[in-house]
Amino acid sequence: MKSRKKSGERKKLLQQQMSVQHFIPVRALDAGIIVTDDFRLVQLLRISSFNLDLMSYRELNETLEKYEMFLRSISFPIQTTIMSQPVDLGSYVRKLKNKQDRTSSMKQKLLHGYMEYAKGIETSTTMIQRQRYLILEERITGTTKQAYEESMLILEQKKKHVKNGLEEIGLSVQEANDRDVARYLHTLYDYISSQYRPIVDAQMYPFTMGVRLHEANRE
């Protein structure tokens with residue numbers, strides 16, 4: 001009798017447990033665009049930077065004047081943020097992997113060593129890079145597909161305006177993909193874990209708070 005009661009309590013506890021993702025107000029990712037629980041579309045743009053210390057007085061003034069003009073041209077809210085994240089060497093590792101598949105066995109071993117070294121850098125807490133993001137948003141004004149597409153179109157227009165303005169200053173602008181967004185949210189909500197175990201794939205599975213499900217079921 002006690003065993004059945006204990007088993008029922010355990011099942012009830014498991015039903016109450018929520019995955020970590022439930023605590024993040026994100027409904028979905030659509031080609032790098034965040035769809036929030038309160039029906040907003042959020043776009044992350046990765047922005048390069050200038051080394052202002054190496055600029056002459058004239059170059060510095062020109063750059064700041066252009067940036068001021070850019071800010072004055074914006075009629076909608078934007079948010080800028082700088083975040084310390086693990087070094088992203090995913091594209092470099094993929095290039096090495098492609099080379100490895102088309103070379104001799106001796107070079108394959110050498111390339112394998114390079115890839116393992118690069119992966120070690122990505123997971124090292126001493127190798128951190130500062131990523132700069134500019135964030136845009138647009139509220140979805142209805143629950144229909146048309147309302148969603150109209151909001152997406154407005155967000156696209158905002159993105160083009162920002163991108164053109166920053167590129168005229170001399171900065172590079174890249175749209176964050178699903179993996180970039182996942183890493184951003186991971187760093188934002190679980191900084192320590194994001195440094196030790198950075199996300200390598202945009203496909204994420206639920207993490208359950210408390211005991212692991214398969215361990216609880218085994219008991």
Side-chain angles (χ1 to χ4, degrees), residues 20-21 23-26 29-38 40-57 59-93 118-139 155-202 204:
V20 173
Q21 283 87 335
F23 295 94
I24 301 176
V26 174
L29 290 179
D30 185 358
I33 296 176
I34 301 172
V35 184
T36 67
D37 285 344
D38 59 349
R40 289 179 296 119
L41 301 174
V42 180
Q43 172 87 66
L44 270 66
L45 300 176
R46 296 174 60 177
I47 313 298
S48 65
S49 62
F50 287 127
N51 191 333
L52 300 179
D53 293 333
L54 297 180
M55 290 184 175
S56 66
Y57 183 76
E59 290 173 333
L60 180 59
N61 276 346
E62 288 179 352
T63 300
L64 294 178
E65 286 177 1
K66 288 180 180 178
Y67 187 63
E68 181 181 357
M69 291 176 61
F70 162 71
L71 292 178
R72 290 180 180 275
S73 71
I74 295 176
S75 59
F76 46 85
I78 63 173
Q79 178 182 350
T80 59
T81 179
I82 300 176
M83 183 173 288
S84 297
Q85 292 182 293
V87 177
D88 186 359
L89 297 176
S91 58
Y92 175 70
V93 172
K119 291 177 182 177
I121 291 177
E122 282 192 308
T123 57
S124 172
T125 57
T126 60
M127 299 294 289
I128 301 297
Q129 61 182 349
R130 292 167 67 84
Q131 292 286 359
R132 294 161 179 83
Y133 294 95
L134 189 146
I135 304 172
L136 307 169
E137 71 168 27
E138 179 62 31
R139 183 168 294 278
L155 183 66
E156 179 71 18
Q157 292 171 348
K158 290 181 178 180
K159 181 190 68 179
K160 287 183 178 180
H161 181 83
V162 168
K163 189 174 182 180
N164 292 336
L166 292 178
E167 287 178 346
E168 285 181 4
I169 301 173
L171 295 169
S172 65
V173 181
Q174 293 182 336
E175 299 175 31
N177 55 32
D178 285 353
R179 181 169 173 266
D180 295 330
V181 173
R183 282 195 165 195
Y184 176 87
L185 294 174
H186 190 199
T187 305
L188 190 63
Y189 285 91
D190 190 1
Y191 181 81
I192 295 177
S193 177
S194 71
Q195 309 307 303
Y196 283 96
R197 293 187 300 170
I199 292 174
V200 296
D201 190 349
M204 294 177 292

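Small disclaimer: the values here were computed from a predicted structure and weren't measured. Along the sequence shown, the residues carry numbers beginning at 1.
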With sequence neighbours left out, write down each residue that passes salt bridge (Lys or Arg N to Asp or Glu O under 4.0 Å) with Asp38, or none if nothing qualifies. Arg40
Exceeds 12 heavy-atom contacts within 6.0 angstrom, atom CE of Met69: no
State the CD1-CG distance between Ile78 and Leu136, to the nearest 0.5 angstrom. 7.0 Å
Got Phe76 and Val162 here, is their nearest side-chain heavy-atom distance under 4.5 Å? yes
Does the side chain of Phe70 come within less than 4.5 Å of Glu168's, by heavy atoms? no
Could you walk me through whether Val173 and Leu134 pass the side chain to side chain contact (heavy atoms under 4.5 Å, CB included) check? CA-CA 9 Å; Val173 181; Leu134 189 146; over 6 Å; no
Quick one: side-chain hydrogen bond (donor to acceptor under 3.5 Å, both in side chains) partners of Thr81, sequence neighbours excluded? none
Side chain to side chain donor-acceptor pair (under 3.5 Å) pairs touching residues 155-164, sequence neighbours excluded, are Ser73-His161, Glu138-Lys158, Glu156-Lys159, Lys159-Glu175
Passing option when Leu29 is tested against Ile34, Asn177, Val35 for side chain to side chain contact (heavy atoms under 4.5 Å, CB included): Ile34
What pair of heavy atoms forms the shortest contact from Arg132 to Ile82, and how long is it? CG-CG1, 3.9 Å
Of all the heavy-atom pairs spanning Ser48 and Ser172, show the shortest one and how long it is. OG-N, 2.8 Å
Can you measure from CG (Leu64) to CG (Leu52) and round to the nearest 0.5 angstrom? 6.5 Å
In Å, rounded to the nearest 0.5 Å, how long is the span from CD1 of Ile135 to CD of Gln79? 4.0 Å
Would Asp180 and Leu44 count as a side chain to side chain contact (heavy atoms under 4.5 Å, CB included) if you check the C-alpha gap in whole Å, the side-chain angles of each, and the deciding distance to 0.1 Å? CA-CA 9 Å; Asp180 295 330; Leu44 270 66; over 6 Å; no
Is a salt bridge present between Glu62 and Lys66, judged by a nitrogen-to-oxygen distance below 4.0 Å? no
Measure the spacing between CD1 of Ile169 and CD of Glu167 and express it to the nearest 0.5 Å. 10.5 Å
Report yes if the side chains of Gln43 and Leu45 come closer than 4.5 Å at any heavy-atom pair, otherwise no. yes
Taking the side chain as everything from C-beta on, heavy atoms only, tell me whether Leu155 gets closer than 4.5 Å to Ile33. yes
Quick one: pull up CE in Met83 and OH in Tyr133 and give me the separation to the nearest 0.5 Å. 7.0 Å
